[in-house]
Amino acid sequence: MAKFVVAGKADCPKYAEAERLADILQRSLPNFRAHKICVLPDEWKGWLDATCRKNGWKHEDSPLIWRELVEQGGKGLLLGGYLDFLNHCKDYYGVSSDVDTELMLSIAGENLETQIKLLQEEQDRLRLFKPIHVWITGAASNTSRILIPNLLSAEIFPEDSAISLHLLDVEENQEELQWLREETDALALSMLHQVTVHTDLQQAFREADVILLLEDNGEEEKQEVVRRYREIGRLIDAGASKQVKVIVSGDSRPNLRCLLLTENASSIDSHQFVAMATQLENEAKAVIAEKINVRPTDVTEVIVWGNISGLSYIDLQRAKVFNFQGPIKGPAFFSQPLSRILPDRKWLETDFQDLVRRRQESVTSQTGRAASVSAANGILRVLKAWYGGCGPGEILSAGVRCSGHLNLRDDIVFSVPVTFDEGKWSVVSDVTVGEELMKRLELCEEELMREKQLELENGE
């Protein structure tokens, strides 16, 4: 079997005639096959150089014609240009060209018009098919491996049809990133458009629609953390979508890291950045659930105030419990205030607060990082709420810059109760902040200010 490849510029008359001859031979000879490659004029030189370099050929003009030796593994044998193909057709097949120049120009014009039309159709298709770009930093972590299979779903991104996933980590983790890319591809998830691996921070966050910062920075010097997050903020500002959604996870100073991003991504609304408090919130739910013998998922509207990795306060004034097996029962949608089920205020204000913090510290000390499953689930919950996948009015805790709310400072990131609606978060206003709670919030605020001042001094 003879298989020829005829490639040329779309507006080249010689390519047009070579293409016509190849068609004639393919129709008349049972063992002749031709594959045509029509390249736009402004792309021809780059395409030609790359093809010749790949195959070890030397050729400068349009068209470029070679024979693929199918029975010998498909290796390409360069035939040459227009005249070489004409001579080959005449010598081997007895076919010669009898087309005048005017017709060749006409065919070349049609080729160019067709290629331009095809390019426009492809551009129109790509505009309709625009994948959402999701970047994960610290992508070689256990949290990332747990997160990815659940992240690439319509449940998290209900209005998007495809996701381009970008995995970013340090150069030393290149091999693990490649492995993770292969494993992600092997999942064959319908929403996955492509997976790319990155180790160069300077090339990060381009066209980003979602950025998930998983790195914990627990062992890094304070000065390096400040420098790095200032740089990340500037890169997000320069390359990401202005509507990007950024989630800061991890067990080490998430409030401060989130603040540094907002201060250095000045052209992006600070409402697009949140520090994740759902891990601490989940630990609180687990402690309560164990105390009253329900599942953690049966406990809702637990509020985390303050410094997520430092001085914080777990507020249960709105907490509800479903499926409690007590004197008062109801259907699955029936809930009761936690204060009615667990009226021991002294336990809630002392032992409970200590248990939550010790539980989190215990998990961190055993694993060297915050619990990966809890972190992944927390990120998914925030994203689901942000993209409209949660019920209306569902409350969760997040570290945000909340200027104008509860007289909190606007130059720190503070964990507060929020709800999401139409892609925006808002601080829950119908909570009671009495004198005692306000004093707690002021203490949290003072600690965050000290942390900020100390870290910034170390980072100068």
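Here the structure is a predicted model, which is why all the values come from computation and not from measurement.
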field: Minimum side-chain heavy-atom gap Cys38-Tyr15 below 4.5 Å
entry: yes
- prompt: Within the side chain of Gln194, is there an N or O that forms a donor-acceptor pair under 3.5 Å with the backbone of Ser164?
  reply: no
- line: Here the side chain to side chain donor-acceptor pair (under 3.5 Å) pairs for residues 149-160, sequence neighbours left out, are Glu155-Lys384
message: With a 3.5 Å distance limit and no angle check, can you tell me whether Asp298 reaches the backbone of Arg295 through a side-chain donor-acceptor pair?
response: yes
Candidates Trp347, Phe352, Phe324 - the one meeting side chain to side chain contact (heavy atoms under 4.5 Å, CB included) with Leu342: Trp347
query: For residues 262-293, which residue pairs qualify under ring-ring contact (aromatic ring centres under 6.0 Å, His included), counting only residues two or more places apart or in two chains?
result: His271-Trp425
message: Walk me through whether Glu446 and Arg409 qualify under salt bridge (Lys or Arg N to Asp or Glu O under 4.0 Å).
response: CA-CA 10 Å; Glu446 289 171 8; Arg409 299 179 63 104; over 6 Å; no
message: Please report whether the ring centroid of Trp305 lies less than 6.0 Å from that of Tyr313.
response: no
query: Does the side chain of Lys424 reach to within under 4.5 Å of the side chain of Phe420, using non-hydrogen atoms?
result: no
- prompt: Gln453 and Arg450: side-chain donor and acceptor closer than 3.5 Å?
  reply: no
- request: Would you tell me whether Asp11 and Gln115 have side-chain atoms, one donor and one acceptor, within less than 3.5 Å of each other?
  value: no
message: Show, in sequence, the C-alpha distance, side-chain angles and deciding distance for Lys242 and Asp269, and conclude whether the salt bridge (Lys or Arg N to Asp or Glu O under 4.0 Å) test is met.
response: CA-CA 8 Å; Lys242 297 309 175 187; Asp269 192 332; over 6 Å; no
message: Thr51: which residues meet the side-chain hydrogen bond (donor to acceptor under 3.5 Å, both in side chains) condition with it, sequence neighbours left out?
response: none
- request: State, without any angle test, whether Thr199 and Glu171 hold a side-chain donor-acceptor pair at a distance under 3.5 Å.
  value: yes
Polar side chain donor-acceptor pair, Gln202 to Glu231, under 3.5 angstrom: yes
- request: Decide, yes or no, whether a salt bridge links Arg440 with Glu436 under the criterion of side-chain N to carboxylate O below 4.0 Å.
  value: yes
query: Taking the six-membered ring for Trp, are His166 and Trp135 parallel (under 30°), tilted (30 to 60°) or perpendicular (over 60°)?
result: parallel
field: Distance-only polar pair, side chains of Ser309 and Arg253, donor-acceptor under 3.5 Å
entry: no
- request: Salt-bridge test for Glu281 and Arg381: reply yes if a basic N is under 4.0 Å from a carboxylate O, no otherwise.
  value: yes
message: Would you say Asn307 and Ser312 are linked by a side-chain donor-acceptor pair, where the criterion is simply a distance under 3.5 Å?
response: no
